[in-house]
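Report on the following structure.
Every number for a ligand or one of its atoms is a count from 1 in the order of the listing. This chain uses plain numbering: 1 for the first residue, then up along the sequence.
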Amino acid sequence: MILDKFNLKGKSGIVTGGGSGIGKGMASGLVQAGAELIISGRNFEKLESAADELRQYGGPVIPVRADMANMGDIKNLVDRTVKEFGKIDFLFNNAGIIRRNPCEDFLEEDWDDVIAVNLKGPFFLAQAVARVMISQQLKGKIINTSSLIAVQGGKRVPAYAASKGGINQVTKSMANDWAQHNILVNAIGPGWVKTDVTAPLIEDKQRNAEITGRIPLGRWADPQDLAGVAVFLASDASDYITGQTIFVDGGWLSI
Ligand code: NAP
């Protein structure tokens with residue numbers, strides 16, 4: 001039956017940046033659908049408190065400290081997941097940062113940080129996870145967090161735009177190379193979501209009004225608005241979708 005295909009019971013995987021915002025919203029959907037999760041990030045206390053909250057829906061939910069800019073941490077994250085669950089069915093490559101500065105003032109250090117966390121780290125984490133999936137000879141799902149700024153330029157965010165445009169392209173490269181192994185790779189492109197990353201924009205009354213006024217659904221997303229698509233893309237219900245970016249943007253890109 002169709003609803004059974006959305007069930008994640010017996011499936012296990014990783015949500016990077018699962019301690020807050022969109023990652024936590026997606027994780028709550030995955031746990032409610034029956035999945036076992038590792039949630040990762042740099043701030044272990046934040047992860048522990050998110051894991052406590054998520055366990056009310058099921059679990060296990062295990063917090064693991066891992067910096068996406070550190071290749072050793074990425075390897076440990078994958079090893080730990082295999083150790084805990086014996087296999088990896090899905091990866092949500094969601095952790096990300098943003099640095100705001102006009103193009104004429106943008107700093108090399110900010111460029112390198114954003115590209116490391118949003119593009120290089122996710123690629124090599126996906127590679128390490130795909131190697132496990134290939135060796136276990138099971139179907140796998142890899143889901144990257146993209147953005148509207150993958151297809152629009154944004155304002156004062158050149159490195160972020162490059163990283164998210166890049167992640168959309170890498171999503172397609174990985175989808176092509178790994179289809180033969182039944183590893184399906186897609187991206188979720190959130191619109192304007194109320195999280196720590198967007199707090200400065202939400203507090204800026206004028207910018208907030210500009211943004212809200214341009215969203216056809218007339219409101220910012222809550223992280224929970226991303227839970228449904230996360231469950232869908234991790235589940236058997238999406239077994240013929242690969243190489244896509246699904247935008248969850250309240251209609252923003254349609255105007
Ligand atoms: P958030 O709450 O700040 O989440 C970002 C997460 O990434 C945090 O949990 C953070 O945990 C983790 N993180 C940051 N740097 C890291 C690093 N070096 N290594 C490991 N983890 C790291 O903001 P969010 O809005 O939910 O962002 C999640 C994703 O959605 C990002 O990829 C962002 O670009 C994307 N996105 C957001 C929006 C939006 O409107 N909010 C729109 C489109 C796309 P620690 O601090 O513990 O490391």
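- The shortest contact between atom 19 (N) of ligand 1 and any protein heavy atom is with Met68 N, 2.8 Å.
- Residue Asn118 holds its CG atom at 9.5 Å from CZ of Arg99, rounded to the nearest 0.5 Å.
- Per-residue contacts place Gly21 under 4.0 angstrom from the following atoms of ligand 1 (heavy atoms of the residue considered): 2 (O), 26 (O).
- Taking the charged nitrogens against the carboxylate oxygens, Arg80 and Glu84 do have a contact shorter than 4.0 Å, which makes a salt bridge.
- Summarising the geometry, atom CZ belonging to Phe85 is positioned 7.0 Å from atom CG belonging to Leu37; distances are rounded to the nearest 0.5 Å.
- In terms of polar-atom proximity, Asn94 is counted as a contact of ligand 1, with an N or O under 3.5 Å from an N or O of the ligand.
- Phe90 and Ile14 are not part of a single hydrophobic cluster, where members link through side-chain heavy atoms under 4.5 Å apart.
- Within a 6.0 Å sphere centred on CD of Gln180, other residues, nucleotides and ligands contribute more than 12 heavy atoms.
- Here Ile115 contributes atom CD1 and Tyr160 contributes atom OH; the two are 11.5 Å apart, rounded to the nearest 0.5 Å.
- Ranking protein heavy atoms by distance to atom 14 (C) of ligand 1, first place goes to Arg42 NH2, 3.4 Å.
- Both the backbone and the side chain of Asn43 come within contact range of ligand 1, each with a heavy atom under 4.0 Å.
- Under the rule for a salt bridge (charged side-chain N to carboxylate O under 4.0 Å, His left out), Arg100 has no partner lying at least two apart in sequence or in another chain.
- Nearest residue to atom 40 (O) of ligand 1 from Val193, Asn144, Leu125 is Val193 (criterion: closest heavy atom).
- Distances from atom 34 (O) of ligand 1 to the heavy atoms of Trp192, Tyr160, Phe247, Trp220 put Tyr160 nearest.
- A distance of 12.0 Å separates OG in Ser146 from CD in Gln244, rounded to the nearest 0.5 Å.
- Looking only at atom types and distance, the side chain of Ser173 has no donor-acceptor partner in the side chain of Asp177 under 3.5 Å away.
- For atom 4 (O) of ligand 1, the nearest non-hydrogen atom of the protein is Ser20 OG, 3.4 Å.
- Proximity to Pro190 (heavy-atom distance under 4.0 Å) selects the following atoms of ligand 1: 42 (C), 43 (C), 44 (C).
- Atom NZ of Lys87 is surrounded by more than 12 heavy atoms from other residues, nucleotides or ligands within 6.0 Å.
- Looking from atom 27 (O) of ligand 1 to the surrounding protein, the closest heavy atom is Val197 CG2, 4.2 Å.
- Nearest non-hydrogen protein atom to atom 26 (O) of ligand 1 is Ile22 N, 2.8 Å.
- Shortest contact from atom 18 (N) of ligand 1 to any protein heavy atom: Asp67 OD1, 2.9 Å.
- Under the 4.0 angstrom criterion for non-hydrogen atoms, Pro223 is not in contact with ligand 1.
- A salt bridge links Lys75 with Asp79: at least one charged nitrogen is closer than 4.0 Å to a carboxylate oxygen.
- If you check which protein heavy atom lies closest to atom 24 (P) of ligand 1, you get Thr195 OG1, 3.5 Å.
- The N/O atoms of Gly18, backbone and side chain alike, include none that comes under 3.5 Å of an N/O atom in ligand 1.
- The protein heavy atom nearest to atom 35 (C) of ligand 1 is Thr145 CG2, 3.6 Å.
- Within ligand 1, counting atoms from 1 as listed, the ones closer than 4.0 Å to a heavy atom of Ile97 are 14 (C), 15 (N).
- Short contacts between ligand 1 and Thr198, defined as distances under 4.0 Å to a heavy atom of the residue, involve ligand atoms 39 (C), 40 (O), 41 (N).
- Shown in contact with Gly17 at under 4.0 Å from a heavy atom are these atoms of ligand 1, numbered in order with element: 6 (C), 7 (O), 9 (O), 12 (C).
- Of all the heavy atoms of Val117, the ones lying under 4.0 Å from any atom of ligand 1 belong exclusively to the side chain.
- Residue-to-ligand polar distances keep Asn118 apart from ligand 1: every N/O pair is separated by 3.5 Å or more.
- Annotation: Lys46 places an N or O atom under 3.5 Å from an N or O atom of ligand 1; distance criterion only.
- Compare Gly191, Pro122, Ser147 by their heavy atoms: the one nearest to atom 42 (C) of ligand 1 is in Gly191.
- Within the model, atoms OG1 of Thr212 and CZ of Arg207 stand 10.0 Å from one another, a figure rounded to the nearest 0.5 Å.
- Distances shorter than 4.0 angstrom occur between a heavy atom of Lys164 and an atom of ligand 1.
- Near Ala66, meaning under 4.0 Å from one of its heavy atoms, ligand 1 places the atoms 19 (N), 20 (C).
- Heavy-atom proximity to Ser146, at under 4.0 Å, picks out these atoms of ligand 1: 43 (C), 44 (C).
- With Ser40, Ala50, Ala95 as candidates, the residue nearest to atom 21 (N) of ligand 1 on a non-hydrogen basis is Ala95.
- Here the CD1 atom belonging to Ile88 is positioned 9.0 Å from the OG atom belonging to Ser135, to the nearest 0.5 angstrom.
- Within the 4.5 Å cutoff, the side chain of Leu253 has heavy atoms near those of the Gln152 side chain.
- Remark: Arg42 does not engage Asp73 in a salt bridge, criterion side-chain N to carboxylate O under 4.0 Å.
- Taking 4.0 Å as the cut-off between side-chain N and carboxylate O, Lys11 and Asp89 do not count as a salt-bridged pair.
- Numbered from 1 in the order shown, with element, the atoms of ligand 1 that lie under 4.0 Å from a heavy atom of Gly96 read 5 (C), 7 (O), 14 (C), 31 (C), 32 (O).
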